[in-house]
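Written out below as structure tokens is the structure these notes cover.
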Amino acid sequence: MDQSPRNSECVINVINPNTTESMTALIAQAARASASPRTRIVGRTSSFGPASIEGHYDEALATIGLLKAVAAGDAEGASAHVIACFGDPGLLAAREITTAPVLGIAEAAMRAASFVATHFSVVTTLSRTRVIAEHLLRNYGLEHICRRVRAVDVAVLDLDKPESNVRGLLLGECRDALTHDGIGAIVLGCAGMADLAEELSIELGIPVIDGVAAAVRFAEALVGLGLKTSKYGDLAFPIPKARTPI
Ligand code: 5HY
């Protein structure tokens, strides 16, 4: 049997860095819907940190649980890791501690958008977290093709509540972006919106990109190419020293 990376099983550790199990279930369902038949998705909920991530403090707290989840996935032989939170919390720290590829859903969605449109806008949850996406765009060298980061001002844990009317709010915000932003695609700015991308794309007639689905497919591609996270330079394993166990 050909054991080349292209033909061996791909196991993707899809991590929800907040501690809300129901959100992990939604994320894992979206990941499995995107994955190819030979890929096995392991959905994992952070064991430490905030119930939802809605700002700089939440992101800092969530990073500890995220890194524990990466280590747990590695111990089970994960081929790749996906950080299923739009702030891509702890992305570079996670890449330091593993040889497996690590993808953040924000970077994956933004780069996917760059392949199908010359410009895109992001629609996320709370207005106060827009700056986090703006910082990511600058870090990823993509700010010149993102016209605007928008928000529907629905809390992360309200996304699955019918009374939030998130579908209607997202449709309105996306339509406004199409009218005013000069874009060809939309990036959904929260893992909790993963189940809404397809219906919005059909309704709007443009690519509406969910980072969970994009990250899973990009992870498969990297694994299939036999690419691992470089251990040369800044992503080499952390310098050994005394550290309080996490
Ligand atoms: C997420 N927060 O994807 C981010 C998105 C956001 O708990 N999961 C979270 O809205 O900031």
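Just follow the structure's listing: the first ligand is 1, and inside any ligand the first atom is 1. Computed from heavy atoms alone, side chains included, the values below leave out hydrogens, waters and symmetry copies.
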When you pair each N or O of ligand 1 with protein N or O atoms, which pairs come out under 3.5 Å?
| residue | atom | partner | partner atom | Å |
| --- | --- | --- | --- | --- |
| ligand 1 | 2 (N) | I53 | O | 2.7 |
| ligand 1 | 3 (O) | F86 | N | 3.0 |
| ligand 1 | 3 (O) | A191 | N | 2.9 |
| ligand 1 | 7 (O) | N18 | ND2 | 2.9 |
| ligand 1 | 7 (O) | I53 | N | 2.9 |
| ligand 1 | 10 (O) | T125 | OG1 | 2.5 |
| ligand 1 | 11 (O) | I53 | O | 3.3 |

Can you tell me how far CG of D195 sits from CD of Q29, rounded to the nearest 0.5 angstrom?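 Those atoms lie 7.5 Å apart.
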Salt bridge check, E9 against R40: does any charged N sit closer than 4.0 Å to a carboxylate O? yes
Trace of the side-chain hydrogen bond (donor to acceptor under 3.5 Å, both in side chains) decision for E21 with T45: CA-CA 6 Å; E21 293 284 357; T45 307; 2.9 Å; yes
So if I apply the side-chain contact (heavy atoms from CB on, under 4.5 Å) rule between D58 and each of V156, T63, I53, which one comes out positive? I53
Neighbour count above 12 (heavy atom, 6.0 Å) for F237 CZ: yes
Between K68 and A72, is there a donor-acceptor pair closer than 3.5 Å when you use the side chain of the first and the backbone of the second?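 Not a single qualifying donor-acceptor pair exists.
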